Amino acid sequence: MIATLIILILIVIFLAFFIGFNIQNFCDLWFFTTYEHVPVVLLIFIAFAAGVVIALLIVLIAKLRTPSKTEEVVDRKTEKAKNKELKEKIKNLEDKKTFGFKKNKQNKTDSSVTSTTTEVSKTEETK
């Protein structure tokens with residue numbers, strides 16, 4: 001707290017000396033017309049104020065363009081919900097295709113081969 005007060009006092013003293021030494025300096029300014037005997041200190045303050053205004057506008061535009069973190073969280077939640085809905089739809093479609101029965105992972109040829117081999121083994125056992 002005391003350090004900021006000291007820094008503020010030093011800035012005010014610097015500005016006072018700067019203005020005091022440059023109060024008698026004048027220059028000509030052309031801004032669509034010629035202005036004669038314009039104090040240099042006034043031009044410096046106008047340039048500083050214009051820079052502050054432009055910097056604030058740039059920061060505000062940048063803040064408006066980037067989405068906030070809460071919007072990103074909401075977007076992620078909606079994406080997760082959409083993904084969950086899509087998975088449920090795919091599961092429902094698969095159930096409709098199989099009429100509620102689970103798919104047999106073996107091929108038809110594999111099942112026919114195993115059924116014939118079991119039949120052959122049964123007939124051999126009976127002999």
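Quantities reported herein were computed from a predicted structural model and do not represent experimental measurements.
Considering every non-hydrogen atom in both Ile23 and Phe26, the closest pair reads O-CZ, 4.1 Å.
Remark: Tyr35 OH to Leu42 CG distance equals 11.5 Å, nearest 0.5 Å. Distance check: Glu36 CD to Cys27 SG gives 11.0 Å after rounding to the nearest 0.5 Å. Atom OG1 of residue Thr4 and atom CD1 of residue Ile9 lie 9.5 Å apart, to the nearest 0.5 angstrom. How far CD1 of Ile11 is from CD1 of Ile6: 12.5 Å, rounded to the nearest 0.5 Å. If you take CZ on Phe45 and CG on Leu15, they are separated by 5.5 Å, rounding to the nearest 0.5 Å.
Ring geometry for Phe32 against Trp30 counts as tilted: the plane angle lies between 30° and 60°, on a 0 to 90° scale.
Cluster annotation: Ile44 and Val38 are assigned to distinct hydrophobic clusters (Ile/Leu/Val/Met/Phe/Trp/Tyr, side-chain heavy-atom contacts under 4.5 Å, transitive). In the hydrophobic clustering of this structure, Val12 does not group with Met1; members are Ile, Leu, Val, Met, Phe, Trp, Tyr whose side-chain heavy atoms approach within less than 4.5 Å, directly or through other members.
In this structure, Phe48 has no ring pair (Phe, Tyr, Trp, His ring centres under 6.0 Å) partners at least two apart in sequence or on a different chain. Legend: residues meeting side chain to side chain donor-acceptor pair (under 3.5 Å) with Asn25, ordered by chain and number and at least two apart, are Asn22.
A side-chain contact (heavy atoms from CB on, under 4.5 Å) with Leu56 holds for exactly one of Val59, Val52, Val53; it is Val52.
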